[in-house]
Amino acid sequence: MIVPIHHVLIFSLALFLVGVVGVLTRRNGIIVLMSIELMLNAANINFIAFSRLMSDIAGQVFAVFVIVTAAGEVAVGLAIIISLFRNTESINVDEITLLKG
Amino acid sequence: MTLGYAGIFFYVLAAMAVVSALMVVTRKSPVHAAMFLVFTFFCVAGVYVTMSAELLAAVQVLVYAGGIVVLFLFVIMLVPLGSGIQRLPVRRGAVAILLAGLLAVAVLSIYSHAVASEMSMATEGTKIMGNIETVGTELYTRYLLPFEVASVLLLVAMIGAVVLARRQV
């Protein structure tokens, strides 16, 4: 590996933290989902970096599974957002308090 | 230390990915955020190429940039804008950045303890791998059952999305 593993890990940590900040600060449900995608991408970078470092192909196989799960998660998440918009006329995640007792 | 082209590409692409990810989080318009998200995904795909994971790079472009972002844009189109465009309160942003900083410190301390001691020995002896045949063979032999389960998961997600987004429940 030409690039030291620390630099790859710091890069993925930076990407993950950007995603965390996005989930915590944004109120638009669509952008919250986008931030979750950023975090999943950061996890995939770690998978592939360690797969390369340890010469073990399993990391790449699991990265494929993470991508599959992310695709399913986005499909269901966006369907929930459409359904929420239909019922509450808003996708602001702060206003959605349907489960509040 | 000579980096070579792959190393230079890695740093350039990583910097562009982080910057455009910041843009995703900070743009007010969801459409702009989606465009920066595409750019981030392309940069991450380039990073995969520098780590010689060509199959993952192709899958990243096809599934993320081609499929997921189109899905995002479709929903942005269906949901009228204006409801989600608001300034975020400063206090809340500060708290979020503080929490993210704490997380960064925690993860970096774990890295400095675990990674430096155990992972440095593995750096030598890496061989060129990660081509499409290797991943495909593993996926269809050793990981055949998870592969099939993943296809069932996608089917369930598809049915769930159709049911949730249907007009009348």
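Every chain is numbered from 1 and lettered A, B, ... according to where its sequence line falls, protein lines coming before strand lines. The analysis underlying the following values was restricted to heavy atoms, covering all of them including side chains, and did not include hydrogens, waters or symmetry mates.
Heavy atoms from other residues, nucleotides or ligands lying under 6.0 Å from CZ of B:Phe9 number 12 at most.
Of the N and O atoms on the side chains of A:Asn44 and B:Gln60, not one donor lies less than 3.5 Å from an acceptor on the other residue.
In this structure a side-chain-to-backbone donor-acceptor pair under 3.5 Å is present from A:Arg86 to B:Ala165. No donor-acceptor pair under 3.5 Å is formed between the side chain of B:Arg142 and the backbone N or O of A:Ala58. With hydrogens and angles ignored, the 3.5 Å screen pairs no side-chain donor or acceptor of A:Arg52 with any backbone N or O of B:Ser52.
Both the backbone and the side chain of B:Val24 have a heavy atom closer than 4.5 Å to some heavy atom of chain A. For A:Val18, the parts lying near chain B are the backbone and the side chain together; criterion is any non-hydrogen pair under 4.5 Å.
A:Gln60 pairs in a side chain to side chain contact (heavy atoms under 4.5 Å, CB included) with only one of the listed residues (B:Leu139, B:Val59, B:Leu56, B:Thr134), which is B:Leu56.
A:Phe11 pairs by the ring-ring contact (aromatic ring centres under 6.0 Å, His included) definition with B:Phe10, not counting sequence neighbours. Remark: B:Tyr143 pairs with A:Phe62 by the ring-ring contact (aromatic ring centres under 6.0 Å, His included) rule, at least two apart or across chains.
Contact of the B:Leu153 side chain with the A:Thr69 side chain is registered, since non-hydrogen atoms from C-beta on lie closer than 4.5 Å.
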What verdict does the side-chain contact (heavy atoms from CB on, under 4.5 Å) test give for A:Ile48 and B:Val47, after you've listed the backbone C-alpha separation in whole Å, the side-chain angles of each residue and the deciding distance to 0.1 Å?
CA-CA 10 Å; A:Ile48 290 171; B:Val47 167; over 6 Å; no

